[in-house]
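Below you'll find the structure, written out as structure tokens, and then a few comments.
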Amino acid sequence: MRNFEIAGIFLKISELLEIKGESVFKVRAYKKAAESIASLKVELKDLVEMGYSLNEIEGIGYAIEGKIKEILTTGTCEFYERLKREIPEGLLEMLKIPGLGAKKVKTIYSELNIDSIEELEKAAKEKKLRSLKGFGVKTEQAVLKGIFMLKGSFGKILLSTAQYLTEELREFVKSSNLNIKMEFAGEIRRRVELIEKIIAIVACSENDKKEVVSVLLKFPRISKIIKVDEDKIEVFLDLGVLLEIRIVEEKSFFTSLFVNTGSEKHLAQLNKIAESQGLQIAEDLIIIKGENYYPNSEEEIYQKIGIPYIIPELREGRGEVEKALENDLPEVISLKDIKGDLHMHTDWSDGINTIEEMAKKAMDLGYEYIAITDHSKSLKIANGLSVERLKEQIYYIKNLNEKFNNFDILTGIEVDILSDEVLDFDDEVLKDLDIVVASIHTGFKQDREKLTRRILKAMENPYVKIIGHPTGRLLGKREGYEIDIDRIIEKALETKTALEINSSPDRLDLTDVYAKKAKEKGVKIVINTDAHESGALEDIKNGIFVARRAWLEKKDVLNTRSLKELLMELKKA
DNA sequence: GCCGTTTTCGGCCCGACTGTTTTCAGTCG
């Protein structure tokens, strides 16, 4: 069992204990253990095998170490199983609804005997929740809204999780010595933010098909088989997503890859052009003027259709076909273009690693610079920096910089945009920093006008260079706050403030659609990770995916510049 | 349940906001 799965069990234990009404400290201890395990760089399995004591790990004591060992040998632990028997698991689903915490979920369960989202939705529609003590009309509406959001992401997983599964499937294929060619198509190849179905295209000889199917069905992640025949496997995986494997002959590989990658709209547009050229494109066969045609690459297919090759991330039917016809496709940004990261946290606030460790990791990634942007003073839970500590940090970083050649650490802050439109630090403090990222962390529920005004006001500040995670969404967990993105884009342009694409896997904020809009208006973008530990600096790839889907080119993104150019192009105070 | 001692038990990030109340519990970051 992998760390993230073990962490998942401890997180569930902490939630079950919370619903049960256990001590908040015990609840917190399990949650902390889960977080600690999730951020480990080494697999617990290996540590145990090598005989290391797990007590060394922060947040793991005698009791939890025992449970980890039990989980590693049996796949679960008795304590967890007992809790699950005691408390229906449906209650954990209900916890995901914003506004419902452990206490309210418990009330719903004990008063109305409701233990599933479906029953809860029914009760809310029948206006039964508002009569419960501590509930009212607004809570009832919030529940319905939350369920609506949950349903939108039901059966979908984060792109990063889906990619993890594809890696596992690749490893499985490799270890099974299957002689096949495999590539992933569909949403995952287009880098869609939430994945409903993982599609794999597998090519093998006609004779091997039977054997290939029987081996693939042994992939340990399969939790339910939906449909199997010689050409297609459809299964449900244990992390909550569909996997479809299409098995084709070698010669049909690229046709199948092509047909299964583009969105419906993209393919429909291409088909229309193809037909006019005398091409018929079917599931795994292309016919040109009555003759079968088997391409050796996708590029060849586009060539036959008569337009330039379109990369998977653009195949959404958002105007890319028209641009291709005009030979005016964007030359989208790629990972190697990034020269630095301008939003990250350290152990000075709520990050795990030291400034030096973050810098070292950044150098390993080949960066030329980073900005340290810990939280500002009001964010107490994140150990936000006081003015004094910030000054101390600035002094510390300036000294540290003298040790480096060809690498710079910029001083900075992620300053809170407080509920009353005021920034958490005065200009007197901000003026001494290289990078000021302004973000909203509180008062999400204010109305659209108020939230928009908070961001607009922040952009008017001469020292604010970047707006961090502009919509505040958490994929599958929380809708973004209500903002008028058009006015924000307009103001960003006017004040020369950059908008962030936050690469954290569950944020991806700005979204591809908004980032494209911003680019079209000429607003500059920065792609940051918001890393809270050094390993998370690698999340930058997620932001690059978003940027590519948003048609961003190198020139649209400021942290592709050298430090000198970056400082020149960033808004000047 | 973890941690760190003042070594065996007491403390454990904290404050704002919201929707309920009619003075505050619950949720959230």
Side-chain angles (χ1 to χ4, degrees), chain A residues 9-37 53-68 70 77 79-80 83 94-108 111 129-143 145-146 345 347-352 374-386 389 414 416-422 424 439-447 450-451 454 468-469 472-474 477-481 504 506-507 530 532:
Chain A
I9 291 178
F10 286 122
L11 190 64
K12 281 191 176 173
I13 289 178
S14 103
E15 289 172 343
L16 289 165
L17 289 174
E18 200 182 1
I19 294 173
K20 211 181 146 192
E22 277 279 0
S23 138
V24 288
F25 298 109
K26 196 167 173 177
V27 170
R28 196 182 291 166
Y30 276 101
K31 195 167 173 226
K32 192 172 178 215
E35 284 164 0
S36 183
I37 292 168
S53 162
L54 302 181
N55 278 303
E56 308 274 316
I57 302 166
E58 175 101 16
I60 294 178
Y62 180 74
I64 293 186
E65 175 173 19
K67 293 189 176 75
I68 291 175
E70 191 185 345
C77 69
F79 182 61
Y80 176 46
L83 280 172
M94 287 160 55
L95 267 188
K96 291 182 186 158
I97 297 168
L100 288 191
K103 297 270 171 59
K104 285 212 161 77
V105 166
K106 196 180 177 184
T107 304
I108 291 168
E111 297 294 317
L129 296 185
R130 61 181 67 179
S131 60
L132 294 172
K133 191 173 161 59
F135 288 63
V137 177
K138 289 206 171 171
T139 312
E140 200 170 73
Q141 284 164 349
V143 165
K145 196 176 162 204
H345 301 270
D347 60 355
W348 285 66
S349 66
D350 61 344
I352 289 176
D374 277 308
H375 289 290
S376 59
K377 66 176 192 291
S378 287
L379 215 57
K380 303 277 182 202
I381 194 171
N383 192 22
L385 268 51
S386 63
R389 287 180 65 224
E414 181 180 19
D416 255 69
I417 306 173
L418 303 175
S419 297
D420 54 359
E421 298 180 22
V422 174
D424 200 15
S439 311
I440 287 183
H441 293 112
T442 50
F444 299 131
K445 289 189 179 168
Q446 291 178 335
D447 63 47
K450 179 101 183 141
L451 277 157
R454 281 166 74 186
H469 45 74
R473 74 162 176 178
L474 291 178
K477 288 186 216 150
R478 184 177 78 203
E479 300 270 14
Y481 21 81
S504 180
D506 60 351
R507 284 198 186 269
D530 197 357
H532 284 68

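The chains referred to below are lettered A, B, ... by the order of the sequence lines, with proteins before strands, and numbering in each begins at 1. The analysis underlying the following values was restricted to heavy atoms, covering all of them including side chains, and did not include hydrogens, waters or symmetry mates.
Using a 4.0 Å heavy-atom criterion, one finds that Y30(A) contacts the sugar-phosphate atoms exclusively. V24(A) comes within 4.0 angstrom of nothing in the nucleic acid, heavy atoms only. Among the heavy atoms of the strands lying under 4.0 Å from I57(A) are primed sugar atoms or P, OP1, OP2 only; no base atom is included.
For K20(A), the side-chain contact (heavy atoms from CB on, under 4.5 Å) partners at least two apart in sequence or on another chain are E22(A), L83(A), E86(A), I87(A). For R454(A), the side chain to side chain donor-acceptor pair (under 3.5 Å) partners are Q446(A), not counting sequence neighbours.
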Per-nt protein contacts along nucleotides 24-29 of chain B (heavy atom under 4.0 Å; B base, S backbone sugar-phosphate only, - none) come out as --SSSB
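The residues E479(A) and K145(A) are annotated as not salt-bridged, no charged nitrogen and carboxylate oxygen being separated by less than 4.0 angstrom.
Between dT21(B) and dA16(B), the distance separating the two P atoms is 24 Å to the nearest Å. When the P atom is used for both dC2(B) and dC13(B), the distance is 15 Å, rounded to whole Å. The separation of dT27(B) from dT20(B), taken at their C1' atoms, amounts to 12 Å, rounded to a whole angstrom. Taking the C1' atoms as reference points, dT8(B) lies 33 Å from dG15(B), given to the whole Å. Nucleotides dG11(B) and dC17(B), compared at atom P, are 30 Å apart to the nearest Å. The same atom, C1', is picked in dT23(B) and in dT18(B); the two are 14 Å apart, to the nearest Å.
Rounded to whole angstrom, the span from the CG atom of D424(A) across to the C1' atom of dG15(B) amounts to 13 Å. To the nearest angstrom, C1' of dC13(B) lies 18 Å from NZ of K377(A). The distance from atom CG of D447(A) to atom C1' of dT18(B) is 14 Å, rounded to the nearest whole Å.
Each of F25(A) and I64(A) was assigned the nucleotide of DNA chain B with the nearest heavy atom; the assignment lying further toward the 5' end belongs to I64(A).
Distances shorter than 4.0 Å separate none of the side-chain N or O atoms of S378(A) from OP1 or OP2 on dG15(B).
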